[in-house]
There are 2 protein chains.
Amino acid sequence: MLDATSSYKPMGRRIPTPLNRRIPVDDDRTGHRIVPETIRRSDRAPENRYGNRPTMKDVAARAGVGLKTVSRVVNGEPGVTPETERRVQEAIDALGFRRNDSARVLRKGRTASIGLVLEDLADPFYGPLSRAVEEVARAHGALLINGSSAEDPDREQELALALCARRVDGLVIIPAGDDHRYLEPELKAGVATVFVDRPAGKIDADCVLADNHGGARDGVAHLIAHGHRRIGFIGDMPRIHTAAERLRGYRAAMEDAGIPVEDSWMSLGVTDPERVRRAAEEMLTGPSPVTAIFTGNNRVTVTVIRVLAEQTRPVALVGFDDIELADLLQPGVTVVAQDAASLGRTAAERLFRQLDGTLVTPERIELPTRLITRGSGELAPRG
Amino acid sequence: MLDATSSYKPMGRRIPTPLNRRIPVDDDRTGHRIVPETIRRSDRAPENRYGNRPTMKDVAARAGVGLKTVSRVVNGEPGVTPETERRVQEAIDALGFRRNDSARVLRKGRTASIGLVLEDLADPFYGPLSRAVEEVARAHGALLINGSSAEDPDREQELALALCARRVDGLVIIPAGDDHRYLEPELKAGVATVFVDRPAGKIDADCVLADNHGGARDGVAHLIAHGHRRIGFIGDMPRIHTAAERLRGYRAAMEDAGIPVEDSWMSLGVTDPERVRRAAEEMLTGPSPVTAIFTGNNRVTVTVIRVLAEQTRPVALVGFDDIELADLLQPGVTVVAQDAASLGRTAAERLFRQLDGTLVTPERIELPTRLITRGSGELAPRG
DNA sequence: TAGAGCCTGGACAACGTTGTCAGATCCAGG
DNA sequence: CCTGGATCTGACAACGTTGTCCAGGCTCTA
């Protein structure tokens with residue numbers, strides 16, 4: 001579970017208890033808490049716990065109306081005279097009352113919030129995706145809670161379950177792991193769930209994916225069409241679905257062209273800049289040096305661009321994922337672009353359709369990718 | 001308030017009520033709901049509402065123990081025999097029970113979640129900031145709820161207050177507006193609050209800012225040091241604090257150098273690419289054409305880079321905010337960099353120190369910026 | 001003016017959890 | 001066999017909100 005590492009214990013028991021202290025006031029004598037004598041409900045002081053926030057009861061007392069009447073005003077329900085409404089509103093403003101949605105949620109059973117578990121919010125690919133999900137959520141009156149799994153399956157599970165404990169109405173998950181059976185009780189309990197970017201593992205659930213295989217195949221075929229035969233591939237661990245699919249696309253394109261792939265052309269499971277750099281340099285200088293490289297994701301692409309900028313001979317490059325400013329580099333970077341915002345939007349819309357009830361059967365949707373030629377992928381083979 | 005635009009009404013009243021239906025089962029006769037005869041609490045069926053999720057009561061019934069014992073096991077409190085614990089754990093697993101944190105929150109008064117209101121999650125500047133806040137929150141066992149204001153003060157307020165209604169323990173706000181008195185009741189109620197990137201308006205609160213004024217002044221001074229005298233400035237609306245400060249820094253540097261600024265060199269309040277492009281082109285071709293441009297934020301910088309790439313004469317450029325791949329462009333882009341992650345981390349840490357109680361008096365913290373020279377800012381004046 | 005029908009307002013119980021407190025059980029020591 | 005003290009367990013009342021239902025007061029018609 002999530003664990004505090006400092007002295008702030010959000011749910012702890014050691015918090016100095018200003019929240020629990022009953023403040024003794026004017027003509028009230030409930031300050032004593034030793035004797036639990038049956039406390040009449042209605043003659044409590046307007047002050048209460050919860051950081052001293054006024055409640056509907058306080059508002060009601062001040063406005064001289066019943067509790068439910070306040071609730072009606074707050075929620076804009078009909079059946080309140082303008083005069084009464086005015087009095088209530090006045091009390092609300094005077095006390096600075098704000099409805100406690102936690103209590104509301106408990107009562108109503110829906111939280112009007114959805115959870116998003118992604119890999120890293122700081123990654124330029126996930127920012128727009130997250131924003132797209134947020135926009136859809138907003139259009140449906142829901143808030144978005146999100147968390148980064150840092151590509152760690154345990155952390156993904158921990159996060160997803162923490163969100164379920166908050167009783168989010170739905171979950172959008174970019175999986176890090178490949179076994180999601182831990183979500184079965186949640187699905188059964190009616191938590192709407194959509195997986196994005198990578199499919200769910202071992203459970204039947206909605207997935208919205210990019211056409212990783214086709215995109216990679218097109219990208220590599222593009223290089224082949226420009227005369228390359230020794231083409232390198234640098235990608236993430238094949239454990240990750242997208243990485244595996246893109247690798248498969250690479251292999252498919254090579255096979256279609258009848259080109260046997262040498263092991264030294266492929267580097268799998270490297271993402272940190274240092275190792276990507278080494279991998280790229282090795283395949284450029286090895287016994288059978290590549291004339292072109294296909295990179296499996298944006299981070300790899302950026303590092304490889306740096307390596308290629310240092311080379312004397314021109315090496316062609318096609319990258320998966322678009323990157324900002326790719327058009328301004330020399331040469332411009334040819335990429336297989338997937339639309340992150342569209343992925344997020346599609347997923348979120350399906351999520352709310354699940355909640356609507358208009359969507360029942362889980363589906364697997366693949367969004368097309370787009371090859372954007374800018375120069376680096378059109379270089380002729382040299383060396 | 002947040003309003004649904006589709007048929008999914010998270011909190012609405014028209015939801016078909018599977019959640020409220022009491023399911024009649026085996027030997028239970030509480031299916032009738034007409035007669036409200038005093039229902040004995042303990043002989044309800046194990047089924048209940050809330051999407052049919054098991055509750056502690058259900059677990060207790062199945063394990064043959066009391067409600068509180070289940071609570072103890074779930075929360076790892078002491079005082080439960082191993083044998084009892086085993087039985088409870090078994091029931092938990094069998095039923096797929098997951099504690100309802102909404103109810104917990106209601107009872108305990110703390111939600112172990114914090115809110116982040118920023119401008120646009122898709123902006124590469126805010127991604128890392130958000131991630132940094134999340135990491136700190138995670139270290140403190142809290143979840144992060146975030147929302148984008150889209151630079152709209154009303155939307156900022158709507159979001160912040162929605163988060164307060166959820167009773168987040170604290171708020172990190174990147175303000176869009178300049179009047180935050182609406183937060184006064186919340187602050188008084190003990191919601192920890194830190195403003196980042198831009199200061200709070202009309203209330204006394206913690207702020208973590210970058211040294212916008214000093215950074216801009218240094219950047220412009222750098223251009224002046226390289227011989228430029230006709231220097232353009234393109235920035236956001238001065239209504240936005242950061243934009244105003246950077247403009248002030250620009251003016252200060254010019255004044256320090258004794259250079260009078262011409263109106264045609266300044267373009268304020270433009271951010272969309274079209275207008276930035278026009279603004280840049282105008283100051284490059286006007287009666288007193290600039291030889292260098294200082295750009296007020298990353299989005300403007302990117303657009304101006306494109307414009308400059310089309311020019312025949314070299315024009316110097318220094319931009320506020322670092323941008324990815326800036327080093328690989330020709331020439332490399334000289335920037336005044338601020339550390340987004342550090343801003344977020346500092347803010348979040350202060351937030352939790354407020355919650356700790358170790359931090360009381362609001363402060364205004366300015367983090368230094370860093371001039372990174374890469375070429376574009378060192379071009380000599382031409383034209 | 002009486003009765004029927006509407007409108008408004010309020011009492012009350014639930015939602016699922018945790019804190020309090022008292023009761024039950026067990027064992028060692030007399 | 002009893003007593004005293006640990007342990008362990010469970011009944012109960014909150015937390016702040018909303019759904020249900022009923023009681024008045026009002027208006028309108030006959």
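Chain naming here is simple, since letters A, B, ... match the order of the sequence lines and numbering starts at 1 in each.
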Can you measure [X] atom [atom1] to [N] atom [atom2] for me and round it to whole angstrom units?
X: Asn100(B); N: dT18(C); atom1: CG; atom2: P; result: 10 Å
X: Arg166(A); N: dG16(C); atom1: CZ; atom2: C1'; result: 15 Å
X: Lys57(B); N: dC12(D); atom1: NZ; atom2: C1'; result: 12 Å
X: Leu95(B); N: dG16(C); atom1: CG; atom2: C1'; result: 15 Å
X: Asp101(B); N: dG16(D); atom1: CG; atom2: P; result: 18 Å
X: Leu67(B); N: dG19(C); atom1: CG; atom2: P; result: 13 Å
X: Arg110(B); N: dC15(D); atom1: CZ; atom2: P; result: 18 Å
X: Lys108(A); N: dG19(D); atom1: NZ; atom2: P; result: 4 Å

Is it the case that the base of [N] and the side chain of [X] share a donor-acceptor contact (distance under 3.5 Å, atom types as modelled)?
X: Lys68(B); N: dG19(C); answer: yes
X: Arg72(B); N: dG10(D); answer: yes
X: Arg107(A); N: dT18(D); answer: yes

request  = Measure the acute angle between the ring planes of Phe352(B) and His140(B), then classify it against the limits of 30° and 60° as parallel, tilted or perpendicular.
outcome  =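 Answer is parallel, since the angle falls under 30°.
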
request  = State, to the nearest 10°, the angle formed by the axis through the first five base pairs of the helix from dT1(C)-dA30(D) to dG30(C)-dC1(D) and the axis through its last five.
outcome  =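 Answer for the end axes of this duplex: 50°.
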
Pull out every protein N or O sitting under 3.5 Å from an N or O of nucleotides 23-25 of chain D, one pair per line with the distance.
none

key: Which residues share a salt bridge (Lys or Arg N to Asp or Glu O under 4.0 Å) with Glu349(B), sequence neighbours left out   =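 Not a single residue meets the salt bridge (Lys or Arg N to Asp or Glu O under 4.0 Å) criterion with Glu349(B).
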
task = Identify, with sequence neighbours excluded, every residue that meets salt bridge (Lys or Arg N to Asp or Glu O under 4.0 Å) alongside Glu90(A).
result =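 Applying salt bridge (Lys or Arg N to Asp or Glu O under 4.0 Å) to Glu90(A) gives Arg86(A).
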
inquiry  = So, taking the atom named OG1 in Thr193(A) and the one named CG in Asp204(A), what distance separates them when rounded to the nearest 0.5 Å?
reply    =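 One finds 11.5 Å between OG1 of Thr193(A) and CG of Asp204(A).
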
query = For the atom pair CG (Leu143(A)) and CG (Leu159(B)), what is the distance rounded to the nearest 0.5 Å?
reply =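 CG of Leu159(B) is found 6.5 Å from CG of Leu143(A).
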
message = Using a heavy-atom cut-off of 4.0 Å across all strands, would you classify Val74(B) as base, sugar-phosphate, or nothing?
response =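 No contact.
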
OP1 or OP2 of [N] less than 4.0 angstrom from a side-chain nitrogen or oxygen of [X], does that happen here?
X: Ser71(B); N: dT17(C); answer: no
X: Asn75(A); N: dT18(D); answer: yes
X: Thr81(B); N: dT7(D); answer: no

Taking only residues two or more places apart in sequence or in another chain, which ones pass side-chain contact (heavy atoms from CB on, under 4.5 Å) with [X]?
X: Asp179(B); result: Arg181(B), Lys202(B)
X: Arg62(A); result: Ala91(A), Ala94(A), Leu95(A)
X: Arg72(A); result: Lys68(A), Thr69(A), Glu77(A), Val80(A)
X: Leu359(A); result: Asp206(A), Arg350(A), Arg353(A), Gln354(A)

With sequence neighbours excluded, residues passing side chain to side chain donor-acceptor pair (under 3.5 Å) with [X]:
X: Glu186(B); result: Arg53(A), Arg98(A)
X: Ser149(B); result: none
X: Glu134(A); result: Ser148(B)

Distances under 3.5 Å between protein N/O atoms and the N/O atoms of nucleotides 4-7 of chain C, please, pair by pair.
none

task = Specify the residue among Met56(A) and Thr84(B) whose closest nucleotide of DNA chain D lies further upstream toward the 5′ end.
result =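 The 5'-side residue here is Thr84(B).
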
task = Would you indicate which nucleotide in dT17(C), dG16(D), dT18(D) comes nearest to any side-chain atom of Ala103(A)?
result =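 Out of dT17(C), dG16(D), dT18(D), the nucleotide with an atom closest to Ala103(A)'s side chain is dG16(D).
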
